[in-house]
Every structure is written in structure tokens, then in C-alpha cells.
K.L.:
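Handing you a structure now.
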Amino acid sequence: MTTRLPKRLAPRPGLRYHPAMTSHRPPPDAPLLLVGAGHAHLHLVAHRHRLPASRVVLVDPGGFWYSGMATGVLGGHHGPARDRLDPMRLARRHGVEGLRARLTGLDPDTREARLDDGRRLTCAALSLNLGSQTPHPPAHPQGPAIWTVKPIPRLVALRHRLEREFAAGRRPRLLVAGGGASGIEVAGNLRALSERHGVATEIHLVTRGRRLLEGAPAGAQAWLGRHLARRGIEVSTGLEVKGHAAGGIMVASTEQSWGEDSYRFLAADHVVHAAGLAPPPLVERLGLPCLAGRGLAVTETLQSPAADWVFAAGDCAAMQRHHLPRLGVYGVRQAPVLRANLAAYLAGEALRPYRPQARALAILDLGGGQALAIRGGLWWAGRLPRLWKRWLDERFLAAYRA
């Protein structure tokens, strides 16, 4: 049986609706189910005492990797263990049940969550904090090794692979696809890693945009271009990656026609894809409204417009009235609102809206002890922003390790 969506939840342009979901009353002992150990859910676990549910269950298959320090791990500035924490240990400390499993689907009629180990959990409410992934073209049998910025363990594996190649005396050609914050951080930290091992390897950064870090202040863009040039990182703008090939990648110009020669080849031994973060494929399989390419549709109260018992935050969620960039700061800022609204929902009280901040601070770790801080039209580069970033990152992780 289906129900008609109320007028306030009528479809908006770009919103893909699946059959409306019924909302049956769950059993009295049904838990609050937290799926995914992202920034927002760490906050919920640590504040479990402020959630009125008799049971809170966290479902996640592995450890939490903090995105703010991931490229520092790649560059060799941090060890992998410093960037990781065990969400199940945090859950036990705060009286939350932990299950190492993956969500595979939902049953709207029974409010059941299906897990990959065969279990089915009926829940009073469900919250999704699944993060994002990096899409890329299919691999080529004789092509370069392919790496992505998400999930973060791929960057850890890349560091180990390159360290072995450096130790063997090889100088692999490295190509980074993406001229946003992630791509720039990866390129800078690949240079830091190669310098740490005394290897002068070729690093090429390509972006489909007309300039690096589009939307940033012009002064910051100009400084960044000079900085990368000094670090020996080649930058090519207006190039879109079309696919992998034997020994490299194929690109096409986004700025002008190349005539019959519409594709060009760039040699590479390793390609790191750092553009176009996307929600996990699972989001599209839940039978809930989604915004194409952006994630699970949520209202200002962080609820699904078709199932008020389903909440979402972070990279897997797409607000209907705001197009937020995929930055960890938004998941962190959504966390207190998500916690308050879950508590209000379970208690039958009014929920409050999440209002995204107009400007968010971004600090790019450029490797070699350098960083670039940007907030709105203001920017600041050098070693002091790197120290500032280090303090912010370590404070965040320390809050959940204490």
C-alpha cells in the first residue's frame, strides 16, 4: 500500500521520487539505528545520553578515517594509525550497541533495515551517515594503477605502493585528476612523499576547469599556481579525463575543439582520481527520494521527504533547498541538529531546521609544512595555516579518543 505525499512534500525539479513509503508504528523496543560511522554519527554516539531511545545501534563495517588528515598521511606527515579510530570502541564506551555490517536495503512497510550478514533490524528511526566515493572511468588492462581519494584507505594503500617503488629505485609518473581542494592536496602531498624519499618523480595535475580551485579568491588562485610550479608540479587546465589507456589516460579539451584529433594521450603509471565526489550506490537502492548525483534528498530538518523516520547527514545527504559542497565541516555542523531532531522525533516533539553557514573555512594541506586557508574572500598561505589546521584536526580526533 502507498500513501499520497502531502503538498508540502510535492516533487521539486531534479528530485526523483520512488513510491511513497508508509510509516507504521514500530515495536516499543525498536532501536534508533545509526548506519555509517561518519562525522555526524560520531557526535551522536558521544552524546548517546541525550537520545531518549532505549537502544541505539551503530552499523558500520570498519574504522573511521578522518578526511581532514588523509592527505597528510599520503604525504608521510602522519602515520595511518593517527588518522583512524575505532567507532565500535567509541560505541561501547557510550553504551551504544555496535554491529560490524553493511546496510543492503530497507523495507518501508516494516521499518526493517536489511544487513549483509542476513540480519533484519526493525527500528524506531534510522539515520544515514555513509560518506561519499570517487567515481572514475573503467580500468584498462595495460593501463595505469587507479587510485581514489575516497574511500580514504585507498590513499593509504597508494602511499605504501609508492614507498615500495621508491625504495626499489623507480620514479613512477604520477597524474592527479581534479583541480579542486582534494586534487591540489593530493598533488602537493605526493611531492612531499617523493621528497621524503629523495625521489624526483613527475607529477601532473589536470582539471576540466579553466583554473585551479574555482570559486576561490583570485589572489589565492594566483599564489597557488606559483606554489605548485615551484614544487615542480605541472598543471593543465581545461582537460577532461575520458578514459584510461595503455600507459596513461585519454583527455579531451573543454575549452576548444581539437578537430579530428579530439582526444589526447597523457602518460602515467599511477592516476589518482580526486574530482566529482558522489554518494555511495546504496543510496539509490533504498527506495527513497534522491537528487540525481547528489544523494538522498532531505528536508531542512534532515529527514527524507517520503519517510519521516529516515534521517541523513554528511556527503550522502542532499538538501532540497541548499546545494552544499562535500566538505567535512558541513557534516560536523549538521551533527548537533541531527542529534536534537532525532531526540525530538522519538519524543514526539517539534523538530528544528538546519541552517548551513554562508561561508565555511577550508584549509588545504599542500604538503611540506605549507597550507592555504580560505574563508569567503579572505585567504592566507604559509606555515601558520598548516599549524592551525593541525591543531583543529587533532582537537577533533582527541574528542573521540579521550
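Keep in mind that this is a model prediction, so the values were computed, not measured. Throughout, residue positions are numbered sequentially from 1 according to the sequence presented. Side chains are part of it too, since the values below use all heavy atoms of this structure and drop only hydrogens, waters and symmetry mates.
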K.L.:
Using the side-chain contact (heavy atoms from CB on, under 4.5 Å) rule, take Leu366 and Leu372 through it: C-alpha gap first, then chi angles, then the decisive distance, then the call.
P.N.:
CA-CA 7 Å; Leu366 304 176; Leu372 172 63; 4.1 Å; yes
K.L.:
Please check this pair: side chain of Gln221 against backbone of Leu213, looking for a donor-acceptor N/O pair closer than 3.5 Å.
P.N.:
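A pair under 3.5 Å: yes.
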K.L.:
Do Asn129 side-chain atoms and His41 backbone N/O form a donor-acceptor pair below 3.5 Å?
P.N.:
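Yes, because the side chain of Asn129 sits within donor-acceptor range (under 3.5 Å) of the backbone of His41.
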K.L.:
Answer yes or no: are there more than 12 heavy-atom neighbours, outside Arg161 itself, under 6.0 Å from its atom CZ?
P.N.:
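Above 12, so yes.
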K.L.:
Less than 4.5 Å apart, any side-chain heavy atom of Leu103 and any of Leu128?
P.N.:
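In contact.
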K.L.:
Compare all side-chain heavy atoms of Gln357 with those of Arg333 and state whether any distance is below 4.5 angstrom.
P.N.:
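Yes. Closest side-chain heavy atoms under 4.5 Å.
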K.L.:
So, taking the atom named CG in Leu42 and the one named OH in Tyr400, what distance separates them when rounded to the nearest 0.5 Å?
P.N.:
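Answer for the CG-OH pair, Leu42 versus Tyr400, is 5.5 Å.
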K.L.:
Closest heavy-atom contact between Tyr330 and Pro356?
P.N.:
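That closest heavy-atom pairing would be CE2-CB, 4.5 Å.
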K.L.:
Is the closest basic N to carboxylate O distance between Arg355 and Glu300 below 4.0 Å?
P.N.:
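Answer for the salt bridge query: yes.
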K.L.:
Within the 4.5 Å heavy-atom criterion, are Gln370 and His227 side-chain neighbours or not?
P.N.:
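A side-chain contact exists here, since the closest heavy-atom pair is under 4.5 Å.
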K.L.:
Is the backbone of Leu106 close enough, under 3.5 Å, to the side chain of Arg285 for a donor and an acceptor to pair up by distance?
P.N.:
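Side chain of Arg285 to backbone of Leu106: no pair is present.
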K.L.:
Ignoring hydrogens and geometry, is there a side-chain-to-backbone donor-acceptor pair from Arg111 to Ala124 under 3.5 Å?
P.N.:
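A pair under 3.5 Å: yes.
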K.L.:
Using 0.5 Å steps for rounding, measure from the CG atom of Asp107 to the CZ atom of Arg120.
P.N.:
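Going from CG on Asp107 over to CZ on Arg120, the span is 6.5 Å.
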K.L.:
State, with a plain yes or no, whether a side-chain heavy atom of Val241 is found less than 4.5 Å away from one of Leu266.
P.N.:
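No. Closest side-chain heavy atoms not under 4.5 Å.
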K.L.:
Within a 6.0 Å radius of atom CZ on Arg48, are there more than 12 heavy atoms belonging to other residues, nucleotides or ligands?
P.N.:
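Enclosed.
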K.L.:
Do any N or O atoms from the side chain of Thr301 and from the backbone of Arg352 form a donor-acceptor pair under 3.5 angstrom?
P.N.:
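No; zero donor-acceptor contacts below 3.5 Å.
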K.L.:
What pair of heavy atoms forms the shortest contact from Ala274 to Ser182, and how long is it?
P.N.:
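Smallest heavy-atom distance, with atoms named: O-CB, 3.9 Å.
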K.L.:
Measuring from atom CD1 of Ile374 to atom CG of Leu364, what distance do you get when rounded to the nearest 0.5 angstrom?
P.N.:
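The CG atom of Leu364 is 6.0 Å from CD1 of Ile374, to the nearest 0.5 Å.
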K.L.:
Scan residues 201-210 for pairs that pass salt bridge (Lys or Arg N to Asp or Glu O under 4.0 Å), counting only residues two or more places apart or in two chains.
P.N.:
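Matches after skipping sequence neighbours: Arg208-Glu240.
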K.L.:
For the residue pair Ala275 and Gly178, what are the closest heavy atoms and their distance?
P.N.:
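Closest approach of Ala275 to Gly178: CB-CA, 3.8 Å.
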K.L.:
Is there a side-chain contact between Asn341 and Gln303, using heavy atoms and a 4.5 Å cut-off?
P.N.:
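No. Closest side-chain heavy atoms not under 4.5 Å.
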K.L.:
Could you check whether any side-chain heavy atom of Arg173 comes within less than 4.5 Å of a side-chain heavy atom of His204, counting everything from C-beta outward?
P.N.:
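Result no, sub-4.5 Å side-chain heavy-atom pair not found.
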K.L.:
Any donor-acceptor pair under 3.5 Å linking the side-chain atoms of His273 with those of Trp147?
P.N.:
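On atom types as modelled, these side chains do not qualify, holding no pair under 3.5 Å.
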K.L.:
Using a 4.5 Å cut-off on heavy atoms from C-beta on, say whether the side chain of Pro172 contacts that of Thr201.
P.N.:
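The answer is yes, as the side chains (C-beta and beyond) meet within the 4.5 Å cut-off.
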K.L.:
I would like to know whether Arg100 and Asp86 meet salt bridge (charged side-chain N to carboxylate O under 4.0 Å, His left out); could you show each step before the answer?
P.N.:
CA-CA 11 Å; Arg100 292 199 183 276; Asp86 183 1; 2.8 Å; yes
K.L.:
What's the spacing between Glu394 CD and Met69 CE if we round to 0.5 Å?
P.N.:
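That separation rounds to 6.0 Å.
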K.L.:
Do the side chain of Thr134 and the main chain of Leu277 share a donor and acceptor less than 3.5 angstrom apart?
P.N.:
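The answer is no, because no donor-acceptor pair under 3.5 Å joins these two groups.
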K.L.:
Can you tell me how far the NE2 atom of His94 sits from the CG atom of Leu58, to the nearest 0.5 Å?
P.N.:
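His94 NE2 to Leu58 CG: 12.0 Å, rounded to 0.5 Å.
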K.L.:
Between Arg359 and Arg375, is there a donor-acceptor pair closer than 3.5 Å when you use the side chain of the first and the backbone of the second?
P.N.:
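Not a single qualifying donor-acceptor pair exists.
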K.L.:
For the residue pair Asp393 and Gly68, what are the closest heavy atoms and their distance?
P.N.:
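What the structure gives for the nearest pair is OD2-O, 3.4 Å.
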K.L.:
Taking 4.0 angstrom as the limit, do Asp365 and Lys389 come out as a salt bridge?
P.N.:
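Result for this pair is no, no salt bridge flagged.
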K.L.:
Please check if the side chain of Arg159 supplies one atom and the backbone of Val73 the other of a donor-acceptor pair under 3.5 Å.
P.N.:
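Between the backbone of Val73 and the side chain of Arg159 there is a qualifying donor-acceptor contact (under 3.5 Å).
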K.L.:
Answer yes when Glu97 and Arg92 have at least one side-chain N-carboxylate O distance shorter than 4.0 Å, and no when they do not.
P.N.:
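Result for this pair is no, no salt bridge flagged.
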K.L.:
Which heavy atom in Ala297 sits nearest to a heavy atom in Pro305, and how many Å separate them?
P.N.:
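Closest pair (atom of Ala297, atom of Pro305, distance): O-CD, 3.3 Å.
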K.L.:
Does any part of the side chain of Pro80, heavy atoms only, come nearer than 4.5 Å to the side chain of Asp83, both counted from C-beta?
P.N.:
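In short, these two side chains do not touch, never coming nearer than 4.5 Å.
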K.L.:
I'd like to know whether the aromatic ring centres of Phe64 and His39 sit less than 6.0 Å apart in this structure.
P.N.:
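Yes, ring centres under 6.0 Å apart.
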K.L.:
Please give me the minimum heavy-atom distance between Leu342 and Ser127, naming the atom from each residue.
P.N.:
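Residues Leu342 and Ser127, closest heavy atoms: CD1-CB, 4.1 Å.
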K.L.:
Near Arg191 CZ, under 6.0 Å, is it more than 12 heavy atoms from other residues, nucleotides or ligands?
P.N.:
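Check passes, neighbour count above 12.
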K.L.:
Checking side-chain contact (heavy atoms from CB on, under 4.5 Å) for the pair Tyr66/Arg84: CA distance, chi angles, key distance, verdict?
P.N.:
CA-CA 6 Å; Tyr66 177 51; Arg84 186 179 184 275; over 6 Å; no
K.L.:
Given the rule in the side-chain contact (heavy atoms from CB on, under 4.5 Å) test, do Leu32 and Val57 qualify, once you have shown the distances and angles that lead to the verdict?
P.N.:
CA-CA 6 Å; Leu32 165 60; Val57 178; over 6 Å; no
K.L.:
Carefully, step by step, assess Trp388 and Leu392 under the rule side-chain contact (heavy atoms from CB on, under 4.5 Å).
P.N.:
CA-CA 6 Å; Trp388 185 16; Leu392 290 171; 3.7 Å; yes
K.L.:
Look up atom OG in Ser132 and atom CZ in Arg294, then write down how far apart they are to the nearest 0.5 Å.
P.N.:
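So the gap between those two atoms works out to 14.0 Å.
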K.L.:
Are His136 and Thr148 close enough that a side-chain donor and a side-chain acceptor fall under 3.5 Å?
P.N.:
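There is no such pair (donor and acceptor under 3.5 Å, judged by atom type) between the side chains of His136 and Thr148.
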K.L.:
In terms of side-chain geometry, is the basic nitrogen of Asp269 or Arg170 positioned less than 4.0 Å from the acidic oxygen of its partner?
P.N.:
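Result for this pair is no, no salt bridge flagged.
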K.L.:
Any chance the rings of His244 and His140 have centres within less than 6.0 Å?
P.N.:
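No, too far apart.
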